[in-house]
Amino acid sequence: MSNTRHLDGKWVARGKEVFASNGGMVCYMADVGFEAAAMAEERARLIAAAPELLEALTALLKIQECGDVASWAPEWDSARSAIAKATGD
């Protein structure tokens, strides 16, 4: 993994806004129209989950590397790809 730095702690979505654990705003999802507003909130929740998803995938790969689970499943490649995308590797 690279030395990519992300904001520490969990992120939380409040409507269309995403905040870091220190209270700083991570992003605001703009919308146009009623359906777009709902989609903006869904995207905000997904973005808020990003740090925890990255942590969980990284932990799973560590377990897999220890030989505790099947390493041939294509989902492991998907997990590696998602981590690389998040860390810039």
Side-chain angles (χ1 to χ4, degrees):
M1 307 266 167
S2 71
N3 289 328
T4 302
R5 294 176 43 102
H6 301 278
L7 294 172
D8 290 335
K10 294 182 179 183
W11 295 355
V12 62
R14 292 188 197 125
K16 297 176 276 187
E17 302 170 326
V18 178
F19 294 91
S21 58
N22 66 3
M25 184 182 285
V26 174
C27 70
Y28 174 82
M29 303 303 298
D31 65 77
V32 178
F34 176 74
E35 288 184 18
M39 289 177 65
E41 290 184 13
E42 291 171 8
R43 289 185 186 119
R45 287 192 300 272
L46 181 60
I47 290 169
E52 293 168 80
L53 289 169
L54 177 59
E55 183 178 333
L57 281 175
T58 301
L60 280 174
L61 284 181
K62 286 180 183 176
I63 292 169
Q64 184 265 331
E65 289 167 359
C66 293
D68 292 342
V69 294
S71 61
W72 49 265
E75 290 80 6
W76 293 113
D77 290 333
S78 296
R80 285 185 195 88
S81 177
I83 292 170
K85 185 175 183 179
T87 59
D89 287 345

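If you're wondering where the values come from, they're calculated on a predicted model, not measured in any experiment. All residue numbers in this chain count up from 1 along the given sequence.
Residue E55 qualifies as open at atom CD: its count of foreign heavy atoms under 6.0 Å is 12 or below.
Within the model, atoms CG of L53 and CD1 of I47 stand 12.0 Å from one another, a figure rounded to the nearest 0.5 Å.
The same ILVMFWY cluster, assembled from side-chain heavy atoms under 4.5 Å apart, contains both V12 and Y28.
Applying the salt bridge (Lys or Arg N to Asp or Glu O under 4.0 Å) test to residues at least two apart or on different chains, the pairs with a partner in residues 14-24 are K16-D31.
Scanning both residues, V26 and A20, for their nearest heavy atoms gives CG2-N, 3.6 Å. Counting all heavy atoms, side chain and backbone alike, G15 lies closest to A44 at O-CB, 3.6 Å. A pairwise comparison of heavy atoms in A13 and A48 identifies N-CB, 3.6 Å as the closest pair.
Contact of the L54 side chain with the T58 side chain is registered, since non-hydrogen atoms from C-beta on lie closer than 4.5 Å.
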